[in-house]
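Here, residue 1 is the first one in the sequence, and each next residue gets the next number.
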Amino acid sequence: MLLIYNRPGFVEELSDTAREELFGEVDAIMAELTESGELVGGQALTDPSTARTVRQGATAAHTVTDGPFMESKEQFCGYVEVDVDSLDRAVEIAARWPDVRYGGAMEVRAVMHDGGAEM
């Protein structure tokens, strides 16, 4: 799983040309992954302002707050699920993702199988 992190609103800060280039690069990578059979799926997420975070403390009561409120400027903004032969291939794809070049990050993490033995 390739988890995409970036600053909320960074795309809106780009010029029209830079935005078109970024989306063009994403489209090219997605087309390549589709053609190679490595793409399993993926989605962008809505703006973090639409998120809600649910927490439960030591008591049975839970709290719901607006937004993710992480201790980070980057927020989880989408994912791409790939089926690749190696961790190196997943890292290669992540390194090409344009958000990384614009100050974002991409976390590469294996999806746990149903048995959960990977933990």
Query raised in the report: When rounded to the nearest 0.5 angstrom, what is the spacing between CD1 in Ile93 and CG in Leu33?
Result: 4.5 Å
Query raised in the report: Minimum heavy-atom separation for Met30 to Trp97, with atom names?
Result: SD-CH2, 3.8 Å
Query raised in the report: side-chain hydrogen bond (donor to acceptor under 3.5 Å, both in side chains) with Asp16: which residues, sequence neighbours excluded?
Result: Arg19
Query raised in the report: Taking all non-hydrogen atoms of both residues, which atom of Gly103 and which atom of Asn6 are closest, and how far apart?
Result: C-OD1, 4.2 Å
Query - Distance in Å, Leu14 CG paired with Phe23 CZ, rounded so as to fall on 0.5 Å steps - result: 8.0 Å
**Report entry** Asp85, CG: over 12 other non-hydrogen atoms inside 6.0 angstrom
**Finding:** no
Requested in this report: State which residues pass side-chain hydrogen bond (donor to acceptor under 3.5 Å, both in side chains) with Thr34; sequence neighbours excluded, sorted by chain then number.
Outcome: none
Report summary line: CG (Leu45) and CD1 (Ile4) are apart, to the nearest 0.5 Å, by 8.5 Å
Requested in this report: Measure the CZ-CG distance between Phe76 and Leu3 for me, rounded to the nearest 0.5 Å.
Outcome: 5.0 Å
Requested in this report: Taking atom CD of Glu13 as the centre, report whether more than 12 heavy atoms of other residues, nucleotides or ligands fall under 6.0 Å from it.
Outcome: yes
Query - Co-membership, hydrophobic cluster, residues Tyr102 and Val11, 4.5 Å side-chain - result: yes
Query raised in the report: Does some side-chain heavy atom of Gln43 sit less than 4.5 Å from a side-chain heavy atom of Tyr79?
Result: yes
Query raised in the report: Quick one: do Glu21 and Arg101 make a salt bridge, cutoff under 4.0 Å?
Result: no
Query raised in the report: Looking at CZ of Arg109 and CG of Leu2, how far apart are the two atoms once the value is rounded to the nearest 0.5 Å?
Result: 12.0 Å
Query raised in the report: Checking side chain to side chain contact (heavy atoms under 4.5 Å, CB included) for the pair Asp99/Met106: CA distance, chi angles, key distance, verdict?
Result: CA-CA 8 Å; Asp99 290 55; Met106 189 165 247; over 6 Å; no
Report task. Check whether Val100 and Val108 end up in the same hydrophobic cluster, where Ile, Leu, Val, Met, Phe, Trp and Tyr are linked by side-chain heavy atoms less than 4.5 Å apart. Result -> yes
Query raised in the report: Quick one: CD on Glu25 to CD on Glu20, what's the gap to the nearest 0.5 Å?
Result: 12.5 Å
Query raised in the report: Same cluster or not: are Leu87 and Met112 linked, directly or through other Ile, Leu, Val, Met, Phe, Trp or Tyr residues, by side-chain heavy atoms under 4.5 angstrom apart?
Result: no
Query raised in the report: Are Val84 and Val40 connected, step by step, through hydrophobic side chains (Ile, Leu, Val, Met, Phe, Trp, Tyr) whose heavy atoms are closer than 4.5 Å?
Result: no
